[in-house]
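Chain letters run A, B, ... following the sequence lines, proteins first, then strands; residues in each count from 1. Below, each value reflects all heavy atoms present in this structure, side chains not excepted, and no hydrogens, waters or symmetry copies. The model shown is predicted, which means the values in this text are computed figures rather than measured ones.
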There are 2 protein chains.
Amino acid sequence: MLEAILMMYLRRGAAHGYDLAARLTECGFVGLNPGLVYRALRGMEDLGWIRSAWDGEASHGPPRRVYSLAPPGEQAMEDLVRGFREIRGLIDKVIAAYEQQAGC
Amino acid sequence: MLEAILMMYLRRGAAHGYDLAARLTECGFVGLNPGLVYRALRGMEDLGWIRSAWDGEASHGPPRRVYSLAPPGEQAMEDLVRGFREIRGLIDKVIAAYEQQAGC
DNA sequence: CTGTCTATTGACATTTTGTCATTAGTTGCC
DNA sequence: GGCAACTAATGACAAAATGTCAATAGACAG
């Protein structure tokens, strides 16, 4: 989930972790401290979904790592979305079973 | 998820673990070996959501434990369903963001 | 030169999930 | 009687996911 959201953000342009973490909290995703975001980013980089490089631009702080979406990431995003649709189908099934007290 | 489905089944009547596991596979829920079902059942019993008793009826096998829904389980089921709706909302949000390339 | 904000990393604990062997009773076959 | 197959439940262990939080460190304001 977190990974999917981060890739959605990256698809709109490269960004660094701290920014992404801030955007998440702005957008109302709670309980996601920066550590989780950084871990997710590193994990996705290990998988080849995203790339990173140290930012050459002068920042008002320590050096920062800029992440951008890599081609395998586009594919991964599609797969994730497909998985989400499946999960949504399952949830619908369970909710329907709850309301109608029937079905599988 | 598994817990919710099991409670849905139990709402329709008491049953024992092996039966529930079989019903799950019948209904197309894959990757759920009996061990997972038994563990989920014991966990829910610890939470007071369900109750169990050894089956008095003669069975064609070893003694079996019959589970039934307890009143706190009804409440828990409602809470679970509410949670599912929330997750569903999140998924919708992410899928929409993926398709329209906009939003949070 | 101290505190604060930005930025990333790493260590550790907890929880969840998956796998699989073990125990054990019943039934049916030879 | 002995043995295999099926039913039924439990427990131990490993792996993966998640959560928490301290440590490091550059830049800037006072």
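- Separating the OH atom of A:Tyr18 from the C1' atom of C:dT8 is a distance of 11 Å, rounded to the nearest angstrom.
- The phosphate of D:dA8 (OP1 or OP2) has a side-chain N or O of B:His16 nearer than 4.0 angstrom.
- Atom-to-atom, CG of B:Leu2 to P of C:dT17 comes out at 9 Å; the value is rounded to the nearest Å.
- Between B:Asp46 atom CG and C:dT15 atom C1' there is a gap of 15 Å when expressed in whole angstrom units.
- Contact check for A:Leu90 versus A:Val94: no side-chain heavy atoms found under the 4.5 Å cut-off.
- Per the geometry, CG belonging to A:Leu36 stands 16 Å off C1' belonging to C:dA7, to the nearest Å.
- Contacts of A:Arg39 with the nucleic acid, taken as non-hydrogen atoms under 4.0 Å apart, include base atoms.
- Rounded to whole Å, the distance from CD on B:Glu45 to P on D:dA9 is 12 Å.
- Contact check, A:Tyr38 against C:dT9: no side-chain N or O comes under 4.0 Å of OP1 or OP2.
- As rounded to whole Å, 19 Å separates atom P of C:dT23 from atom CZ of B:Arg65.
- Within the nucleic acid shown, A:Pro63 comes within 4.0 Å of sugar-phosphate atoms alone, with no base atom in reach, counting heavy atoms only.
- Taking the ring axis of B:Tyr9 as reference, the NZ or CZ atom of B:Arg23 stays within 45° of it and closer than 6.0 Å to the ring centre.
- With the nearest nucleotide of DNA chain D identified for both A:Pro62 and B:Pro34, B:Pro34 has the one nearer the 5' end.
- Atom P of nucleotide C:dA7 and atom CZ of A:Arg42 are separated by 16 Å, given to the nearest angstrom.
- Two residues are said to be in side-chain contact when any heavy atoms from C-beta on lie closer than 4.5 Å; B:Met7 and B:Leu80 meet this criterion.
- The closest side-chain donor-acceptor pair between B:Ser68 and B:Arg51, if any, does not fall under 3.5 angstrom.
- The distance from atom CG of A:Leu32 to atom P of D:dT20 is 10 Å, rounded to the nearest whole Å.
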